[in-house]
Engineer: 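Take a look at this one; I'll ask things after.
Values below: all heavy atoms of this structure, side chains included; hydrogens, waters and symmetry mates excluded. If you're wondering where the values come from, they're calculated on a predicted model, not measured in any experiment.
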Amino acid sequence: QVQLVESGGGLVQAGGSLRLSCAASGRTFSSYTMGWFRQAPGKEREFVAAINWNWSASDTYYAETVKGRFTISRDNAKNTVYLQMNSLKPEDTAVYFCAASRFVLRRSTLYSERTYDYWGQGTQVTVSS
């Protein structure tokens, strides 16, 4: 079993930055995918970013709404994935969830929350205008 813990959320003004962290513990795998999703009140959970975690490869993927503003990265030694969020907008306000898959997900499936096996509790990000 894998446990995921998010941190780094908070309140920030529009145009500001935040860095979210997701630390994984327990059973981990040599190759897997970790991603970020977010959910605003009254809306469905949506994909934000993902990174494939192979021995050498580290392919990244982004939703069009955050591309160019957000950057997903990893620290292999710490089993931690980060989401650097710059130029934040009020529409970025949501609860951000970290997710992990036991397998490296294909590009066609890593955008779907149903393909991930483990989830964190979420961290609130609020962007004021």
Side-chain angles (χ1 to χ4, degrees):
Q1 186 176 353
V2 176
Q3 295 82 45
L4 304 176
V5 179
E6 304 99 331
S7 62
L11 175 64
V12 65
Q13 291 185 328
S17 299
L18 284 174
R19 190 183 75 162
L20 305 183
S21 299
C22 176
S25 61
R27 176 68 184 275
T28 57
F29 304 91
S30 298
S31 301
Y32 53 96
T33 298
M34 296 188 70
W36 288 97
F37 291 77
R38 66 186 183 185
Q39 186 169 21
K43 295 185 177 181
E44 295 183 353
R45 189 174 300 180
E46 65 175 351
F47 171 81
V48 176
I51 182 169
N52 284 337
W53 209 305
N54 297 314
W55 287 110
S56 58
S58 57
D59 298 328
T60 57
Y61 308 88
Y62 299 94
E64 288 296 324
T65 52
V66 306
K67 190 175 297 182
R69 300 187 297 121
F70 291 9
T71 302
I72 188 171
S73 61
R74 69 181 187 183
D75 186 325
N76 294 338
K78 297 180 179 180
N79 273 346
T80 299
V81 65
Y82 304 95
L83 185 67
Q84 178 66 46
M85 305 184 294
N86 298 325
S87 301
L88 283 164
K89 305 175 181 179
E91 50 263 44
D92 294 318
T93 296
V95 176
Y96 283 70
F97 297 91
C98 177
S101 170
R102 293 173 294 170
F103 311 100
V104 176
L105 300 177
R106 296 179 178 178
R107 185 182 183 92
S108 60
T109 62
L110 56 79
Y111 302 98
S112 175
E113 63 177 300
R114 291 182 289 183
T115 61
Y116 292 82
D117 305 295
Y118 306 99
W119 294 84
Q121 295 300 307
T123 184
Q124 177 71 48
V125 172
T126 302
V127 184
S128 62
S129 59

Engineer: Mind checking the OG1-CD spacing from Thr93 to Gln124? Nearest 0.5 Å is all I need.
Structural biologist: 7.5 Å
Engineer: Rounded to the nearest 0.5 Å, what separates atom CZ in Arg45 from atom CZ in Arg114?
Structural biologist: 12.5 Å
Engineer: Can Val104 be reached from Phe37 by stepping across I, L, V, M, F, W or Y side chains whose heavy atoms are under 4.5 Å apart?
Structural biologist: no
Engineer: Could you tell me whether Arg19 sits above the aromatic face of Tyr82, with NZ or CZ closer than 6.0 angstrom to the six-membered ring centre and within 45 degrees of the axis?
Structural biologist: yes
Engineer: What closest approach, in Å, do Pro90 and Ser129 show between heavy atoms, and which atom pair accounts for it?
Structural biologist: CG-CB, 3.8 Å
Engineer: Just verifying a value: how many Å separate Phe70 CZ and Leu20 CG, rounded to the nearest 0.5 Å?
Structural biologist: 8.0 Å
Engineer: Working to the nearest 0.5 Å, report the span between SG of Cys22 and CD of Glu6.
Structural biologist: 5.5 Å
Engineer: To the nearest 0.5 Å, how far apart are OG in Ser21 and CD in Gln84?
Structural biologist: 9.5 Å
Engineer: Side-chain heavy atoms nearer than 4.5 Å, only ILVMFWY residues, links allowed to pass through others: does that put Tyr118 and Tyr111 together?
Structural biologist: no
Engineer: Search all heavy atoms of Ala24 against all heavy atoms of Leu4 and return the closest pair with its distance.
Structural biologist: CB-CD2, 3.6 Å
Engineer: So which heavy atom on Leu83 is nearest to which on Ala49, and how close?
Structural biologist: CD1-CB, 4.1 Å
Engineer: Can you tell me if Arg102 and Tyr32 form a side-chain donor-acceptor pair at under 3.5 Å?
Structural biologist: no
Engineer: Which pair of heavy atoms, one from Tyr62 and one from Thr71, lies closest together, and at what distance?
Structural biologist: OH-CA, 3.4 Å
Engineer: Which heavy atom of Ile72 sits nearest to which heavy atom of Met34, and what is that distance?
Structural biologist: CD1-O, 4.1 Å
Engineer: Where is the tightest heavy-atom contact between Thr109 and Thr115, given as atom of each residue plus distance?
Structural biologist: O-OG1, 2.9 Å
Engineer: Would Phe47 and Tyr61 count as a close aromatic pair, with their ring centres under 6.0 Å?
Structural biologist: no
Engineer: Given Trp36, which partner from the list Val81, Ile51, Val66 fulfils the side chain to side chain contact (heavy atoms under 4.5 Å, CB included) test?
Structural biologist: Val81
Engineer: What class does the angle between the rings of Trp119 and Phe97 fall in, given that below 30° is parallel, 30 to 60° is tilted and above 60° is perpendicular?
Structural biologist: perpendicular
Engineer: Taking side chain as C-beta onward, heavy atoms only, is Thr65 less than 4.5 Å from Arg38?
Structural biologist: yes
Engineer: So, taking the atom named OG1 in Thr126 and the one named CG in Leu18, what distance separates them when rounded to the nearest 0.5 Å?
Structural biologist: 9.5 Å
Engineer: Salt bridge or not for Asp92 and Arg69, using N-O below 4.0 Å?
Structural biologist: yes
